[in-house]
*Asks:* 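Okay, handing you the structure first.
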Amino acid sequence: MSYKDLVVMVVDDFSTMRRIVRNVLRDLEFKEIVEAENGAQAFSLLKSNKVDLIVSDWNMPVMTGIELLKKVRADDQYKALPFLLVTAEAQKDNIVEAIKAKVSNYIVKPFTPATLAEKIAKVIPRS
Amino acid sequence: MDVRLINPFLTAAMHVLKTMAGVEVSPGRPFLKKDSQATGDVSAIIGITGVASGSMALVFTEECILAIVSKLLGEAFTELNHQVRDAVGELTNMICGDGRRRLAEEGFSLQAGIPTIVAGKNHYIMHIADGPRLAVPFQTEHGDFMIEVAFSNK
């Protein structure tokens, strides 16, 4: 599998972070990047897009990243979907909560493009 | 004011700007700020609760933030538009988050809200806390910015 066939969804209420993540994903040559401003919008867009990876912020209005993760994992259709949480909430309790909710991996802000690429490679091994 | 609550935010500012935008920053001498007048052109303030309650604000000069956001996003920005204001909010989120993570490692648990962004010449920053307002100027090769932190007296 190559990233060139894959669609990734980026979820963040700040357009700046969506743009930072998008720049990295473009360099990694993903086929398509779908963007959402919060968890609720992301879950809705999941229904109309075949998504192969979600990269979501944690702290957002309307529906947070951890709430989105739990909703995704509770749905048979998406329970195995690779899900990367991007968070400034790197406190131990938060990490434990994310792992319990079956996050695929997480990345702590601030991060470099190389770190994000490494985390993506861990959840979607590149052939 | 307990300086143990302040220093992690200053370290966080240096770490976040270096990691995300490749910008080296150096802190100047902290001082107690007596008025609410912002010392820059765009600011973000974020509320903090937990073992202490108060707020942290970042105040950038136009020259400084345009250079930082240009480096952050890999394209040139020449005016304080919506994208630049959004970036000030996200930088504030990241610095506050990184500072709180460092404080959590020392046993201080804090939560944060969502930042409010204000732009314009001669704007004001209203901290909620009744305690002293500590201001720390930072220098970059692109200009200056300021961090203000205020916690309530308990």
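Small disclaimer: the values here were computed from a predicted structure and weren't measured. Order of the sequence lines sets the chain letters (A, B, ...), proteins ahead of strands, with each chain counted from 1.
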*Asks:* In terms of heavy-atom proximity below 4.5 Å to chain A, should Ala104(B) be classed as side chain, backbone, both, or neither?
*Replies:* side chain
*Asks:* Is Leu103(B) in contact with chain A via its backbone, its side chain, both, or neither, using a 4.5 Å heavy-atom distance?
*Replies:*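 Interface part for Leu103(B): neither.
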*Asks:* Based on non-hydrogen pairs under 4.5 Å, which of Thr112(A), Ile20(A), Asp12(A) is most in contact with chain B?
*Replies:*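 Top option by heavy-atom pairs under 4.5 Å: Ile20(A).
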*Asks:* Is any side-chain heavy atom of Ile147(B) closer than 4.5 Å to one of Met56(B)?
*Replies:* yes
*Asks:* Counting heavy-atom pairs under 4.5 Å with chain A, which one of Lys18(B), His82(B), Gln83(B) comes out on top?
*Replies:*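 Heavy-atom pairs under 4.5 Å are most numerous for Gln83(B).
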*Asks:* Flag the pair Ile66(A) / Trp58(A) as yes when at least one side-chain heavy-atom distance between them is below 4.5 Å, and no otherwise.
*Replies:*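 They are in side-chain contact.
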*Asks:* Is the shortest heavy-atom distance from the side chain of Pro27(B) to the side chain of Leu10(B) under 4.5 Å?
*Replies:*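 When only atoms from C-beta onward are counted, Leu10(B) and Pro27(B) do not touch, as no gap falls below 4.5 Å.
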*Asks:* Using non-hydrogen atoms and a 4.5 Å limit, figure out which bit of Leu17(B) sits close to chain A: side chain, backbone, both or neither.
*Replies:* neither
*Asks:* Side chain, backbone, both or neither: which part of Ile114(B) has a heavy atom under 4.5 Å from chain A?
*Replies:* side chain
*Asks:* When you compare the side chains of Asp86(B) and Thr16(A), does any donor N or O come within less than 3.5 Å of an acceptor on the partner?
*Replies:* yes
*Asks:* Measure the shortest side-chain to side-chain distance between Met17(A) and Met20(B) over non-hydrogen atoms and say whether it is less than 4.5 angstrom.
*Replies:* yes
*Asks:* Students often mix this up, so state it plainly: with edges at 30° and 60°, are the rings of Phe145(B) and Phe138(B) parallel, tilted or perpendicular?
*Replies:* parallel
*Asks:* Asp93(A) versus chain B, heavy atoms under 4.5 Å apart: side chain, backbone, both or neither?
*Replies:* neither
